[in-house]
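Whatever order the structure lists them in is the order used to number ligands and atoms, beginning at 1.
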Amino acid sequence: MTIWIKGGELVDPVRGVVEESDIMVERGKISKILPRGAFLEAGPGLKIIDASGKHVVPGLVDMHVHLREPGEEYKETIATGAKAGVVGGFTSLACMPNTIPPNDCSSVTEFILSQAQKAGLARVYPIGAITVDQAGEVLTEFGDMKKAGVVGVSEDGYSVADSKLMRSAMEYARFHDLTVICHCEDMHLSAGGTMHEGVVSTRIGLPGIPAASEEIMVYREIALARLTRTPVHIAHVSTEESVNLIRRAREEGLPVTAETTPHYFHLDHNAVIGYDTRCKVNPPLRTPADVEAVKRGLSEGVIDVIATDHAPHSPMEKDLEFDRAACGMIGLETALPLTLALVKEGLFGMAEALRKLSYNPSRILGIPGGGLSTGSPADLSVIDADTEYTMKEEDFHSKSKNSPFIGVVLRGRNDLTMIGGKVVWQRDSTHIDRR
Ligand SMILES: [Zn+2]
């Protein structure tokens, strides 16, 4: 089967260009990329995807999701999370280890990969836990987990409090060529807090989490990266000083990369005033000045990646008093429009947006994807950057609906997702011609 994707604007984050090109896909791979109109119509067996007025982009890569399986399948399964991913334009997802049990050994890693294979949707890349049972005491078997398929290690959901243990983890990870993804939180300093500590928490009477609880650990991880010369990736950056610390580390030439998520550049702590538990996340939504700093970090390239921290929860964990509710919001199906909003604002261009959503996370994890070039697997999405719509609860394919963007007018969405040359999802209105 040959597929011709015609009439679209191809976005190539590797070369940093947007150009009018058609793509030919054969045997799961991109076989040709030619200027628009250069292809001649071929004979029978040709499938034509009309991408007129749309952008053809490398499949999005989310390096930070929670798929909840094993253990909390009532919130999400690998299959429903992968479905939400492909609807949102993602072809690859890296899933964090804080499941029940955690992904702290090769048998859990193998289980995740077999469930992903059965789902047959997005490519799933497991992240292994740094310590056994994420208890912060004994390192896991990085080598075993790597053989089973993990692409990185993280204690996400927690920090490794013991700095000596974290140093060993980095040295061990470097030996096994695994990316260390750091959830930065001084768990003692944040204990008991439910939102950002500041004027809003004081006014509405909720216990606060100071920005310092994140920044202390960002500083420590950078110091350990300097000591061990191990590449470290700082997850979900939310404060101005975290951005400054990462900028300085980069200027020093340290192997430090970073991500943020759409909620840290679209929402601030004022969103919590109505005690909306959908806005309860960890790290918490910060001040408007922090939001500006995160955006500046993105535009300067100090923050390499936009991930989602997709964190599904059921009403059982969310329809509660604010202090009792769980942290996290879903994000796979809103990340693309929320990132395109920054392109619209002029913060960066389309190619740079795809660098942060696709090329950079692939490069940091050392996984395929992130570009559109001849010979590479045909993992791509066809997006309509201009359509405006109101996000409705029933529009989500995730099993959970904990998104504060329900009822919000968004602009831009994914229309078709192809993985390895196979169309795994398409919007009903997408036109595909079969000859
Ligand atoms: Zn985290």
Pairs involving residues 121-132, ordered by first then second residue, that meet salt bridge (Lys or Arg N to Asp or Glu O under 4.0 Å) (sequence neighbours left out): Arg123-Asp379
Sequence neighbours excluded, which residues qualify as ring pair (Phe, Tyr, Trp, His ring centres under 6.0 Å) partners of Phe322? none
By side-chain hydrogen bond (donor to acceptor under 3.5 Å, both in side chains) - contacts of Glu240 (at least two apart): none
Check the Zn ion (ligand 1) and write out every protein N, O or S atom at under 2.8 Å, as residue and atom. Asp156 OD1, His183 ND1, His236 NE2
Would you kindly say whether Glu214 and His236 are connected by a side-chain donor-acceptor distance under 3.5 Å? no
Honestly, is Lys356 close enough over Phe348, meaning NZ or CZ under 6.0 Å from the six-membered ring centre and within 45° of the axis? yes
For the residue pair Arg413 and Tyr389, would you count it as a cation-pi contact if the rule is NZ or CZ under 6.0 angstrom from the ring centre and within 45 degrees of the ring axis? yes
